[in-house]
2 protein chains.
Amino acid sequence: MGKAKRIELSASLEDYIEAIFNLVHESKVARSKEIAQRLNVSRSSVTGALRLLKDKGLANYEPYGYVTLTDTGRLAAAEIVKKHNILKSFFEKVLGVESSLAQDAACRAEHALGTEIIARLLAYIRFVSANNKNGYHLADEFRRFCENPPPEPAGPRN
Amino acid sequence: MGKAKRIELSASLEDYIEAIFNLVHESKVARSKEIAQRLNVSRSSVTGALRLLKDKGLANYEPYGYVTLTDTGRLAAAEIVKKHNILKSFFEKVLGVESSLAQDAACRAEHALGTEIIARLLAYIRFVSANNKNGYHLADEFRRFCENPPPEPAGPRN
DNA sequence: TTGCAAAGTTAGGTGCGGCTAACTATATTA
DNA sequence: TAATATAGTTAGCCGCACCTAACTTTGCAA
């Protein structure tokens with residue numbers, strides 16, 4: 001109970017549903033053309049994807065109409081967005097990666113990592129920021145470590 | 001100089017090249033059937049992939065013959081394997097994820113993350129194990145944090 | 001050596017995810 | 001309201017990555 005049945009989504013359909021979710025949160029409604037622009041695909045590809053999402057019960061879509069997500073779709077989208085945000089935060093705040101690269105990597109990795117790993121990453125972000133509050137700044141510590149790493153344990157090039 | 005031109009490989013071909021690399025390191029030579037077993041694909045799919053890898057100059061392949069990698073192929077494979085190992089280590093040693101899940105996640109994520117992020121992850125692993133040598137055990141610290149996390153900053157469910 | 005099982009290939013098919021070009025519907029505006 | 005620009009769809013195509021079934025090659029045992 002409380003556990004809705006998971007719908008298997010391809011990486012591509014995850015991208016579409018995520019784009020729709022974001023567009024709806026920006027302008028109440030998603031238009032086909034905007035989705036195409038976000039994802040850098042043709043308008044006709046969007047039409048095809050929308051039909052699939054409708055078939056799976058994830059998107060409210062009628063030809064020539066605006067697009068929104070169903071409750072199930074919103075749930076699925078929220079999960080993907082959550083993964084995305086956690087990954088981006090992790091890359092930025094923990095690893096100190098530059099923002100746009102973090103964004104980019106998050107986009108690609110969000111389809112590959114399951115909930116367990118994502119949960120751990122979130123925990124790690126919290127762990128690091130908790131550590132930031134006392135005198136010991138873990139993130140800074142790592143930055144310093146990167147700038148001046150201890151010598152390698154010898155051996156040939158790796 | 002020193003910088004060989006990168007060959008773009010699909011996730012699927014990366015899997016094949018990685019499997020061949022590992023098989024060669026286990027038994028000097030890779031056979032089509034073994035590759036198929038490792039990757040859970042049919043023998044005919046392997047034939048197709050081998051032709052592609054040969055075309056790209058990555059595998060030494062003649063019909064009905066054994067399979068090895070070219071120098072370029074070995075280089076490409078080594079990079080993928082490196083990504084795999086770093087990811088697996090990170091999931092296990094830093095995040096404390098169970099070994100087989102770490103292995104699994106590494107398989108999927110290795111195709112999605114670029115060298116910059118991978119390098120940072122490696123640095124982070126080193127950072128954590130360096131921290132393990134003094135009295136302060138970062139990995140243990142995180143484990144404890146996971147078992148007994150501080151209360152959330154209030155607010156509605158997230 | 002023949003003769004058969006196992007390994008490998010070929011032929012042909014599927015689904016996905018993308019594309020362009022041409023068409024249709026909708027919106028705008030003169 | 002009629003003309004046109006823009007948005008969306010359809011038709012038809014391509015490449016990738018897989019599959020099964022049937023065929024060929026190879027290697028091993030009788």
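Lettering of chains follows the sequences in order, A, B, ..., and the numbering in each one begins at 1.
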(request) Measure from the side-chain heavy atoms of A:S45 and tell me the nearest of C:dC19, D:dC18, C:dG17. (result) C:dC19

(request) Indicate, with a heavy-atom threshold strictly under 4.0 Å, whether B:Y66 touches base, sugar-phosphate, or nothing. (result) nothing

(message) Assess whether a salt bridge exists between A:D104 and A:R108, defined as any Lys/Arg side-chain N lying under 4.0 Å from an Asp/Glu carboxylate O.
(response) yes

(message) How many whole angstroms separate atom CD1 of B:I35 from atom P of C:dA6?
(response) 20 Å

(request) Whole angstrom is fine here: how far is it from CZ in B:R31 over to C1' in D:dT26? (result) 12 Å

(request) Give the rounded distance in Å between these two atoms: OH of A:Y64 and P of D:dT6. (result) 17 Å

(message) Nearest to the A:L13 side chain among C:dG18, D:dG8, C:dG17, which nucleotide is it?
(response) C:dG17

(request) Check the distance between C:dT20's C1' and A:N40's CG and give it to me in whole angstrom. (result) 16 Å

(message) Can you measure A:L9 atom CG to C:dG15 atom P for me and round it to whole angstrom units?
(response) 19 Å

(request) Please state how far atom CG in B:L39 lies from atom C1' in D:dA17, giving the value in whole angstrom units. (result) 12 Å

(request) Please work out if A:S42 contacts a base, only the sugar-phosphate, or nothing of the nucleic acid, heavy-atom cut-off 4.0 Å. (result) base

(message) Donor-acceptor check, side chain of B:T70 to backbone of B:G57, threshold 3.5 angstrom: yes or no?
(response) yes

(message) Here's a test of your reading of the structure: between A:A11 and A:P63, which maps to the more 5' nucleotide of DNA chain C?
(response) A:A11

(request) Record whether the side chain of A:S44 comes under 3.5 Å of the base of C:dT20 through a donor-acceptor pair of N or O atoms. (result) yes

(message) Listing request: all side chain to side chain donor-acceptor pair (under 3.5 Å) pairs with a residue in residues 29-40 of chain B, at least two apart in sequence or in separate chains.
(response) B:E26-B:R38

(request) Consider the side chain of A:V41, meaning its heavy atoms from C-beta on, and name the nucleotide among C:dA7, D:dT10, C:dG18 that approaches it most closely. (result) C:dG18

(message) For a quick check of understanding: with a heavy-atom distance under 4.0 Å over all strands, which category does B:T47 fall into, base, sugar-phosphate or nothing?
(response) base

(message) When you compare the side chain of A:E92 with that of A:V97, does any pair of heavy atoms fall below 4.5 Å?
(response) no

(request) Answer yes or no: does a side-chain N or O of A:S12 lie under 4.0 Å from OP1 or OP2 of C:dC16? (result) no

(request) Using atom CG of A:L52 as one end and atom C1' of C:dC16 as the other, report the distance to the nearest whole Å. (result) 9 Å

(request) Report the distance from atom CZ of B:R43 to atom C1' of D:dT25, rounded to the nearest whole Å. (result) 13 Å

(request) Could you tell me whether the phosphate oxygens of D:dT9, OP1 or OP2, come under 4.0 Å of any side-chain nitrogen or oxygen in A:Y61? (result) yes

(message) Assess whether a salt bridge exists between A:E141 and A:R144, defined as any Lys/Arg side-chain N lying under 4.0 Å from an Asp/Glu carboxylate O.
(response) yes

